[in-house]
2 protein chains.
Amino acid sequence: MNLKELSQSLGLSQTTVSRALNGYPEVSPATRRRVEEAANAFNYHPSTRAKGLATGQALAIGHVIPLSSKHEMVNPIFGDFIAGAGETYSRHGYEMILSIVADADERQIYQGLKSRRAVDGVIVHGPRMDDPRIGLLNNLGLPFAVHGRASGYDQPYAWLDVNNRSAFQRATDFLFDLGHVRIALINGLEVMDFAHRRREGYSASLLAHNTPVDPALMRSGEMTEVFGYHSTRDMLESNNAPTAILCSSLISALGVRRAIEEKGLVMGKDVSVVTHDDALSYLQNGGDVPIFTATRSSVRDAGRKLAEMLLAAIADPTLPPQQHLLEAELMVGFSTGPAPRKD
Amino acid sequence: MNLKELSQSLGLSQTTVSRALNGYPEVSPATRRRVEEAANAFNYHPSTRAKGLATGQALAIGHVIPLSSKHEMVNPIFGDFIAGAGETYSRHGYEMILSIVADADERQIYQGLKSRRAVDGVIVHGPRMDDPRIGLLNNLGLPFAVHGRASGYDQPYAWLDVNNRSAFQRATDFLFDLGHVRIALINGLEVMDFAHRRREGYSASLLAHNTPVDPALMRSGEMTEVFGYHSTRDMLESNNAPTAILCSSLISALGVRRAIEEKGLVMGKDVSVVTHDDALSYLQNGGDVPIFTATRSSVRDAGRKLAEMLLAAIADPTLPPQQHLLEAELMVGFSTGPAPRKD
DNA sequence: TCATCTTCCCAAAGCGCTTTGGATTTCACT
DNA sequence: AGTGAAATCCAAAGCGCTTTGGGAAGATGA
């Protein structure tokens, strides 16, 4: 069923039917009702393609997921973020189109999306330090919004980010307050902007507490369970082991816990752990009282909000780019406690 | 830059340029070269929208992700599956469009996708027992392929599935061979088809070994870490605790391990564990030698293959629906060992 | 040399929608 | 009754592409 057939069956012109369906005023209430009922009865939906051609809009948002060619990692965060964004899109009648793409091709992909007029805007995932994509997109003139930020690029652009720096500074402060001094950081890859900022927060707190930054207490890598485990085991075996560990991901934190327990130590007593928690739906941090003390910020919420921001920017391109900094909550769980006294 | 402009700048008709670019034979090699170079220089890409309108193809595949309204779970598998499928799509010039959708709206979504001619086919995720979507799609006449199967629907349709039944039967057999008799199953939600089949495999092995099925040894739920932990703790506290546990997800298996170790037991010695491992990129099961003995099958591969199948079906609709049953490998790791002797 | 194929290219129609620029009817008001 | 405005509706153009149905030139064979 297409417009032509529908309008013929109603004895009206395509113009009138189109207008009736799109809420234009030049059509009588009675006719509009009649049209709407028929459209419903025939289960008529306008072709996105044709509509897009006629209006010049795509009614679609692109998500470009970089798949670093070296480490074929899909970000575990991704599913929840997408779920949040998807909600927003369907509420606004937009579609989400996804491109999984090797790092190298990204430039082409953006240009392709733009010149094929496939999307009205894009979401940028996983920004790195000095990420070249942002400059590229600004030049392309394709509306975009970034999940995170890219240190080193100073033109304004739309982003939404967790305040990673303050979250990790606060978490470190919290551990200092508990009496810990040797505090380790098990971080994500520090080319990633978020990981860089977390380290800054950590370092700032150390500095504020007159504690030297000890490279032996810092790890950076792909945030798997095994990575958390190995890092922790290594550090606990040194003769100057940490009494507290800051961890960038709940998945790695599971490995951290394993290493601690394997050594016969008790988490929250012998070694305290604070982790960042993205509130992923399939990885809940315990029940009402969290297992891990955590800096918490819902990635799904972030998806929802960032999508709103992008749609708003598309609706009114004259608006200055929005920026949103979310503060993570510090939730105290069972994994932290006072620093053990030296006997 | 559009076709018209490009052809004008070349002094050719749109017809010729279009044909040159699409590999039709009615154009001289010299002209084709000239056209291709110009297209490249101007970074010309045909509008997907217009192309789709003209050809009647969408050049897009829809993925509809059900988000059960009760438990707002995003399947952790999802990211990796999508990554695999995305690879295939971009290789074939297709786009992937994603709809995150509450269970109730699914029917509408499929009809909408069909009548808006937004996609050439869809992938069905997370089939449940007697899943109504399959019948619906067969009636709609929208090409589709299912990741998994739906017991209870007996018309032929295209699917790709891991042989969950044989995998879990084999894993259970393996534990029997090691001398275990009290073998527990920590399964996913058994409305999900895959979980149902896994239980069948488990039960079949018990039956073959003349061992009664004990409901006290079976758990079914959302496969989180905490679920694995609680289930295991409960069972280990009973006076007739299992000596081996079969687990449906690596995430839950982490919780299983935690419960075992918390009780002062050693995994692989006091309690053996076999888990299913979807080979998720962010959740690796150890290094060369896996930590967990596991039935292993890559979800990303599944994505790749299922996408191929769907594209093939779209390319030639007369083909009978393909079915693919993947066998999981049983990888022996450190988490299994002979049953402890009763002292 | 003329008729007949090939080869290479083009004009125009059509995909399903929106939107512009009227045309017709109705109505209120002089 | 006559007039202008308001209310409804419509025909046709246009979005950017593919594809049908030729047509002009050059190559081939008798």
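In this text, all values refer to a predicted model and were calculated from it rather than measured experimentally. Order of the sequence lines fixes the chain letters, A, B, ..., with proteins taken first and strands second; residue numbering starts at 1 for each chain.
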Base, sugar-phosphate, or nothing for A:R19, non-hydrogen atoms under 4.0 angstrom?
base
Would you kindly compare B:V27 and A:T55 by the position of their nearest DNA chain C nucleotide and give the one closer to the 5′ end?
B:V27
Under 3.5 Å, side chain of B:K51 to main-chain N/O of B:P46, donor-acceptor pair present?
no
Under a criterion of less than 4.0 angstrom to any heavy atom of chain A, what are the 5'-terminal and 3'-terminal contacting nucleotides of DNA chain D?
D:dT8 to D:dG16
Atom-to-atom span, OH of B:Y24 to P of C:dC10 - whole angstrom:
17 Å
Side-chain N,O (B:T16) to OP1/OP2 (C:dC10) below 4.0 Å:
yes
Flag, side chain of B:N138 to backbone of B:G135, donor-acceptor distance under 3.5 Å
no
Which residue lies more 5' along DNA chain C, comparing B:T15 with B:P29 via nearest heavy atoms:
B:P29
Note: B:R304-B:E308 ion pair, threshold 4.0 Å (strictly below):
no
Expressed in angstrom and rounded to an integer, what is the separation of B:E26 atom CD from C:dC5 atom P?
19 Å
Between A:P76 and A:L280, the two heavy atoms sitting closest are O-CD1, 3.8 Å
Under the 3.5 angstrom rule, does the side chain of A:R32 hit a backbone N or O of A:Y24 as a donor-acceptor pair?
yes
Can you check the B:K4 NZ to C:dA11 P distance for me, whole Å?
12 Å
So, B:D80 and B:R300, do they make that salt bridge, N to O below 4.0 Å?
yes
